[in-house]
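Please read all numbers here as calculations on a predicted model, not as lab measurements. Within every chain, numbering begins at 1; the chains are lettered A, B, ... in the order of the sequence lines, protein sequences first and strands thereafter.
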Amino acid sequence: MINRDIARIFNEIAYMIQASGDQRSSFEANAYLRAARSLESLQDDIETIYRSGGKEALMKIPGIGKGIADRIAEYIDSGTIKKYEDLRKNYPIDFETLTKIEGLGPKRILMLYRSIGVKDLNDLKKAIEDHRIRDLPGFGEKSEEILSQSLKIYESSAGRIPLPLGYARAVEIRDYLIQTGLAERIEIAGSTRRMKDTLGDIDILAVTEKPLQMMDAFTSMPKVKSVIAKGEKKSTVALDIGTTCDLRIISRESFGAALQYFTGSKDHNIRMRKIAIDHGMKLNEYGLFRDQENVAAGHDEDYIYRTLGLSYIDPELREDRGELEAAQMGKLPNIVKYDSLNADLCVKFDISKAQDKMRAYGYAYILAYAGSEDERGIFRIRSYTLNRNDSVEGTETTFRCADASSFKDDVDSLIKYIRDGKVRFLTNLDAIGTPGEEKVSKIIEACTASRCSIMIDSKSMRPSSDFLFSLRKNDVRIAIASFAGNPDELSYIRFGIGITRRAWISTDRIDNLLPVEELA
DNA sequence: GCCGTTTTCGGCCCGACTGTTTTCAGTCG
Ligand SMILES: Nc1nc2c(ncn2[C@H]2C[C@H](O)[C@@H](COP(=O)(O)OP(=O)(O)OP(=O)(O)O)O2)c(=O)[nH]1
Ligand SMILES: [Mg+2]
Ligand SMILES: [Mg+2]
């Protein structure tokens, strides 16, 4: 897929525009950045979209208009983009990598290039080692020191981390801050709250009477490797797991607005703030202001949405993918709640002693792996329930599942299995291809017609929410499974539920809400 | 460069933290 290649080019064009910098063109740079984000989240191959639908199809993608559609077409047709090549002549710099260094943006990167010829990471390293940066205009001894620190953080950075890892760490940090006794309210925000499948960092929001003390506690946590910024409202630290964590402290009255702000996404926030402007108001993390008055003071997120004429939008939907339009019309999907499942639809350990867990999760039954079948790529799962004595009991009810990854080169056989009613659940659908590919559509059609559900593996988080979001217009049913390999891993189900919520899948399509009799 | 249930022109979200910037630019959330 060339989506990422083109996104990278657009990012670089944006950085070069920003580096050369007059105000007017910064909006153009934002347009390129927005288009790049759009391409990165696009599930289907942009080349396929262009070849089958032309420029009109490209212009249907959010953030892509005439100009950028032309540039995408130019890239696909000729392999290069003239505007990009021309800019590169003036700025032969690896912006993509250098902007990943905390504290380095387009302007300072350009300064480093113009003054001492820094083009890439290696050049930067040498410049820092030789102390050539401290004498540059706009830099000093301190900023050279900070750059050296940022470089170390970058090199030990894990990039985006998987949600299950980040979520566990976010909960640890939240609980640590709670046990300091300083927190009046505290909430995990950002992409963790939106249950995005990978996290760029961890974001936490708190209310406290003693911000300075709480910031001290935060920056001196055991797992903090270094402190990147520390103020009374906001601090950032680098954690041991190669990611950073932001703590934002806010007053009690502003908590609702702050949670709305800090949950994001950025694009959702920008849209919200524009809607506020349309209503003659101003939205920021402190409140919703009409004239000078904060009309949302002391209110929760729900109040802000409703005051702007919207229904409440769950965090998982806040990606500017149509949720604001839907909220305006009261047409948001009714998504499944985290504690409402009737069952875990596939686990992979002996659950005969798991009665306590079963009760704790409120499950009426659990389907557990019962071995592979003779046919390649097919396995069986058995239903277990709680009997009168409150112990787990296997039943005669079993279902057959197909693992799509075993049918990559034989999609027709898989479709036949589904159409013949030989399989009830399908795992690893994304191994077949992207959502827009014909073989995937054909499988989905077969599943919808023959009551085979797409099973989500909550442990590996696949198919992803982005994949399933592309399929949201289909009626195909969904089964959520933890794939737990031991009792503790039953908690992974949360991430599978998150996937269905992010994918706009409504409760009437979720198999886990059915009693076992209705599964058959 | 994108975009439009007030617009096809004229807007484009809004604020925190840092350094050497004497009044704010750059970067980031
Ligand atoms: N209004 C506004 N809010 C922003 C902006 N950038 C970030 N935010 C808000 C929304 C984000 O969800 C939140 C946390 O910022 P992050 O950079 O950590 O982004 P997020 O957690 O969404 O994604 P991540 O997985 O960390 O890359 O702060 C911005 O430019 N404007
Ligand atoms: Mg974040
Ligand atoms: Mg953050």
Interatomic distance at P, B:dA25 relative to B:dT20, whole Å = 16 Å

Determine the interatomic distance between C1' on B:dC2 and the same-named atom on B:dT8; round to the nearest Å.
-> 12 Å

In terms of side-chain heavy atoms of A:Tyr286, which of B:dT27, B:dA16, B:dG1 is nearest?
-> B:dA16

Over-ring placement of A:Arg71 relative to A:Phe10, 6.0 Å and 45° cut-offs | no

Using the P atom in both, what is the distance from B:dC12 to B:dG19, to the nearest Å?
-> 32 Å

In whole angstroms, how far is the C1' atom of B:dG1 from the NZ atom of A:Lys66?
-> 12 Å

Distance in angstrom units between A:Lys55 NZ and B:dC2 C1', rounded | 17 Å

The residue, A:Arg71 or A:Met215, whose nearest nucleotide of DNA chain B is more 5′ is A:Arg71

Base, sugar-phosphate alone, or nothing: which one does A:Lys266 contact when heavy atoms must sit under 4.0 Å apart?
-> base

May I ask you to say what A:Arg134 touches in the nucleic acid, namely base, sugar-phosphate or nothing, with a heavy-atom cut-off under 4.0 Å?
-> nothing

For the residue pair A:Ala258 and A:Ile250, what are the closest heavy atoms and their distance?
-> CB-CG1, 3.7 Å

Could you pick out which residue, A:Lys100 or A:Leu283, lies toward the 5' side of DNA chain B when each is mapped onto its nearest nucleotide?
-> A:Leu283

Atom of A:Ala36, atom of A:Ala7 and distance for their closest heavy-atom approach | CB-O, 3.6 Å

Provide, to the nearest angstrom, the distance between the CG atom belonging to A:Asp246 and the P atom belonging to B:dT18.
-> 12 Å

Cationic tip of A:Arg108 within the cone over A:Phe139's six-membered ring, i.e. under 6.0 Å and within 45° of the normal?
-> yes

Look at all strands and tell whether A:Ile68 reaches a base, only sugar-phosphate, or nothing, counting heavy atoms closer than 4.0 Å.
-> sugar-phosphate

Salt-bridged, A:Asp320 to A:Arg34, with N to O below 4.0 Å?
-> yes

Non-hydrogen atoms of A:Gln292 and A:Phe289 that approach each other most closely | O-CD2, 3.6 Å

Return the value, rounded to whole Å, for the distance between atom NZ of A:Lys230 and atom P of B:dG29.
-> 19 Å

Counting side-chain heavy atoms from C-beta on, which of B:dC17, B:dC28, B:dC13 comes nearest to A:Lys233?
-> B:dC17

Do the side-chain N or O atoms of A:Asn269 get closer than 4.0 angstrom to the phosphate oxygens (OP1, OP2) of B:dC13?
-> no

Look at all strands and tell whether A:Asp203 reaches a base, only sugar-phosphate, or nothing, counting heavy atoms closer than 4.0 Å.
-> sugar-phosphate

For A:Gln18, which contact category applies under a 4.0 Å heavy-atom criterion: base, sugar-phosphate, or nothing?
-> nothing

Determine: side-chain N/O of A:Tyr32 to OP1/OP2 of B:dC12, distance under 4.0 Å, yes or no.
-> no

Between N or O atoms, less than 3.5 Å apart, protein on one side and nucleotides 8-10 of chain B on the other: list the pairs.
none

When you check the phosphate oxygens OP1 and OP2 of B:dC17, does a side-chain N or O of A:Lys234 lie under 4.0 Å from one of them?
-> no

Charged N to carboxylate O below 4.0 Å: is that the case for A:Arg193 and A:Glu301?
-> yes

Counting any heavy atom closer than 4.0 Å, what does A:Ile250 reach on the DNA or RNA strands: base, sugar-phosphate only, or nothing?
-> nothing

What is the distance, rounded to the nearest whole Å, between atom CE of A:Met329 and atom P of B:dT5?
-> 12 Å

Should A:Asp240 and A:Lys223 count as an ion pair when the cut-off is N to O under 4.0 Å?
-> no

Phosphate-side-chain proximity, A:Arg248 and B:dG15, N/O vs OP1/OP2 below 4.0 Å = no

How far does the C1' atom of B:dC17 sit from the matching atom of B:dT21, given to the nearest Å?
-> 14 Å

Distance between the C1' atoms of B:dC13 and B:dC3, in whole angstroms?
-> 16 Å

Nearest-Å distance, NZ (A:Lys60) to P (B:dC2)?
-> 16 Å

Euclidean distance, atom CD of residue A:Glu325 to atom P of B:dC3 [Å, nearest integer] | 12 Å

Is A:Glu319 salt-bridged to A:Arg194, going by a charged N under 4.0 Å from an acidic O?
-> yes

Considering only side-chain heavy atoms of A:Lys83, which listed nucleotide, B:dG1, B:dG29, B:dT27, is closest?
-> B:dG1

Any A:Ile6 side-chain heavy atom under 4.5 Å of A:Ile46 side chain = yes

B:dG1 versus B:dT5 - spacing of their P atoms, nearest Å = 23 Å

Taking atom P of B:dG29 as reference, at what distance in whole Å does atom CZ of A:Arg37 sit?
-> 13 Å

Tell me whether the centres of the aromatic rings in A:Phe495 and A:Tyr167 are closer together than 6.0 Å.
-> yes

base_contact_polar (B:dG15 base, A:Tyr261 side chain, donor-acceptor, <3.5 Å) = no

Regarding the side chain of A:Ala229, the nearest nucleotide among B:dC14, B:dT18, B:dA16 is B:dT18

Kindly confirm or rule out a cation-pi arrangement of A:Arg252 over A:Phe255, judged by NZ or CZ under 6.0 Å from the six-membered ring centre and within 45° of its axis?
-> no

Nearest-angstrom distance, C1' atom, B:dG11 to B:dT6 | 14 Å

Sort out the partner of B:dT8 for me: Watson-Crick or G-U wobble, both distances under 3.5 Å, none otherwise.
-> none

Please produce a list of atom pairs where a protein N or O lies less than 3.5 Å from an N or O of nucleotides 19-21 of chain B.
residue: B:dT20; atom: OP1; partner: A:Phe139; partner atom: O; Å: 3.4
residue: B:dT20; atom: OP1; partner: A:Gly140; partner atom: N; Å: 2.8

